[in-house]
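Okay, structure first, notes after.
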Number of protein chains: 2
Amino acid sequence: MKKPKKNVRVTLQEVADHAGVSTTTASLVVRNNPRISEATRNKVLASMEELGYVYDRVAANMRSQNSNIIGVIVTDIANKFISEFLIGVQNTLEDFGYTVLLGTTFDSVEKQQKLISTMVEHRVDGLILNPASRSVGKTVKQLNNLKIPLVLANRELTNVHADYVGIDYPEGTYKAISHLISKGHEKIAFLGGVKNSSTWTERMEGYRTAHENANLTLDESLVIDSEPTDKGGEEAALKMLDLPEIPTAIFCFSDLIAFGVMKVLTQKGIVIGRDIDIVGFDNIPEAEIYHPPLTTVSSYPKSIGNQAAKLLHSKVKRESEEMHRVILKPQLVIRETSK
Amino acid sequence: MKKPKKNVRVTLQEVADHAGVSTTTASLVVRNNPRISEATRNKVLASMEELGYVYDRVAANMRSQNSNIIGVIVTDIANKFISEFLIGVQNTLEDFGYTVLLGTTFDSVEKQQKLISTMVEHRVDGLILNPASRSVGKTVKQLNNLKIPLVLANRELTNVHADYVGIDYPEGTYKAISHLISKGHEKIAFLGGVKNSSTWTERMEGYRTAHENANLTLDESLVIDSEPTDKGGEEAALKMLDLPEIPTAIFCFSDLIAFGVMKVLTQKGIVIGRDIDIVGFDNIPEAEIYHPPLTTVSSYPKSIGNQAAKLLHSKVKRESEEMHRVILKPQLVIRETSK
DNA sequence: CTGAAAGCGCTTACAG
DNA sequence: CTGAAAGCGCTTACAG
């Protein structure tokens, strides 16, 4: 308790003075540069310890023109698919020694724009973006202009200079629909998701192909879009129940949508798995423990996160200049809602 | 496309030169200082626009010795209680103009320590910490030494100079146990949670008081601790089933624990709500849609997050020097598992 | 209302 | 193996 606590932060300069060396030397010691002798190093380390030195990354980053900070922008952290994705991203980024600046857009394009600006002003070394549903390519123009590495996840943008990691939505949807068709269904609704967003269009593609391959006519009135939330699912289900003829099976944009749909149907006394079959998408942990357990397409949010972080890292380190697209293959997990 | 894209970032100096003013003036314009004339301001703004100037917060923060960054460290973002809490924190912090540096400890004290150091090195203006279960007071010593404002959330630490926001765990537990007792239960287990962590001790207190007030003897063998996850709940349930006499009701440390417990009991053919009553804690969204819907104590993670952010803001702005403790009152939500 | 100069706490060539 | 000096891009007194 002998040192006065005035200027709380001790500077490298003060450490150097205390140890009787130059700041150059002290700086090299802090960064574990081997060209400092053991004796000098120990002297400096002792001074750092005694004075309670704390490395000032802000100053260091400013001088060395990098930040070791990666911006991560997602649509909604309370969505399990997203939070699992985030865990994948964070774990890998932390292994690489980055710190994560997080932003949540709640699917608002305006908020997304503001967050991107903030991140750029904070000089992030790179950005991982899970775009809002209605994003357009110019959202990330600023990043491209400043040559800030960008990896898109889960949703692709057109005309954008960025890597992409996602899963094969057409393929996953194709598997889901084909499964329902093989069970004898001919009227299969597609509920939820934001129309014309890439994640929706790609599912639509799989939905269409599966119908064609089975020589079934696709009934566009069975396709009902919505916000990508459980509430959105409830709304879509209500609209579906107003149709002249109710379909015998439903493919849902996501598990979250499926939960909303199932809630409404159950309230209406419709027994899921008996009166109507349902398939979701994502295989979030709740899908398994839901009642009844949900048949769904398993994507791998944590892996997507890992891959996105790895791609970004190699871009930041300029290990590769080419664009990469990583598309993970999804799998169908059959449970009680379509047994 | 006429300007060469060499040094990608334009500096304030270049803007000033281009506009024919000093950097002082340019700086004041960027920060909307009213003491610059309209004419000069417009000239500078035009130059900024033309050159594509991007504000460098890192440099600004360094000079002005603050960061506008708040560190937020939580145990697990995939836990719904935590992610809701985070949404509350983020929304409020963003309203105040802060950016969030996020860390996840996965309940590891070592990881927590590392994250705190990283945040400190990044000169965060303040920190919101949802401490790992086994945290001790000295974890945050560095923060106190450097006088970095700290708000603890959901879990309190002893001998620590920090604000605290949480809910009244003894009260919430008291309500849950009293409810079960009023239904005629006399053997009520308490499953899950990390023994001797503050969140556990406080629940234990309510558990004890409810027993005492009802003149029931508390049977310590019915108290089985575990990791604070659904897996932990499964393990605790298995241990409980090994008891010589199985209790007729269970109070679970959290909803997550309750889900694990219910999974095991259901597998064993025990019908919940008939053979055995269960109450959880947190009222996460899944509690309502679980099968059967879970009776639980409703805490308000989003409000806790809002409050924590507000407290931290006023500390950072030095609006108040005293310590604050905000304790939210929980409510019992009765559903099918204890009807 | 505007500007010249110093400085935030580091790192980076460069010299010895 | 070590040090003196310049500089990263801003903001901050201070002067006029």
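Lettering follows sequence order; numbering is per chain, from 1. Treat the numbers as computed from the prediction; the structure is a model and nothing was measured. Atom set for the values below is all heavy atoms of this structure, side chains included, hydrogens, waters and symmetry mates excluded.
When each of dC1(C), dG3(D), dG9(C) is scored by its nearest atom to the side-chain atoms of V21(A), the top-ranked nucleotide is dG3(D). Side-chain atoms of R123(B) lie closest to dG9(C) of the nucleotides dT2(C), dG9(C), dC10(D).
Side-chain contact check for R123(A) and S67(A): no donor-acceptor pair (N or O, by modelled atom type) lies under 3.5 Å. Under 3.5 Å, the side chains of T199(A) and R155(A) contain a donor-acceptor pair of N or O atoms.
For D163(A) and R325(A), the salt-bridge test fails: no basic side-chain N is under 4.0 Å from an acidic carboxylate O. Comment: K111(A) engages E94(B) in a salt bridge, judged by a side-chain N to carboxylate O separation of less than 4.0 angstrom.
Rounding to whole angstrom units, CG of residue N66(A) and C1' of dT11(C) are separated by 11 Å. The separation between E121(A) atom CD and dG9(D) atom C1' is 14 Å, rounded to whole Å. Spacing between atom CE of M62(A) and atom P of dT11(D) amounts to 10 Å, rounded to whole angstrom units. At whole-Å resolution of the value, CG in L12(A) and P in dG3(D) are 12 Å apart.
In terms of the side chain to side chain donor-acceptor pair (under 3.5 Å) criterion, H161(A) has no residue partners (sequence neighbours excluded). Every residue meeting the side chain to side chain donor-acceptor pair (under 3.5 Å) condition with T104(A), not counting sequence neighbours, appears here in chain and number order: Q90(B).
Identified under the side chain to side chain donor-acceptor pair (under 3.5 Å) test for residues 19-29 of chain B, with sequence neighbours left out: S22(B)-T25(B), S27(B)-R31(B). Screening residues 76-112 of chain A for ring pair (Phe, Tyr, Trp, His ring centres under 6.0 Å) gives F96(A)-H313(A), Y98(A)-H313(A) as the qualifying pairs, with residues at least two apart or on separate chains.
Around atom NZ of K310(B), no more than 12 heavy atoms belonging to other residues, nucleotides or ligands sit under 6.0 Å away.
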Secondary-structure notation, DNA chain D, from Watson-Crick and G-U pairs under 3.5 angstrom (| other strand): |||.||||||||.|||
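Between Q65(B) and dG9(C) there is a side-chain N or O to OP1 or OP2 distance below 4.0 Å. Phosphate contact (OP1/OP2 of dC10(C), side-chain N/O of Y53(A), threshold under 4.0 Å): present.
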Under 3.5 Å, N/O pairs linking protein and nucleotides 12-16 of chain C:
residue, atom, partner, partner atom, Å
dT12(C), OP2, R31(A), NH1, 3.1
dT12(C), O4', R63(A), NH2, 3.3
dT12(C), O4, T24(A), OG1, 3.4

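Place A59(A) and P34(B) on DNA chain C by their nearest nucleotides, and P34(B) ends up nearer the 5' end.
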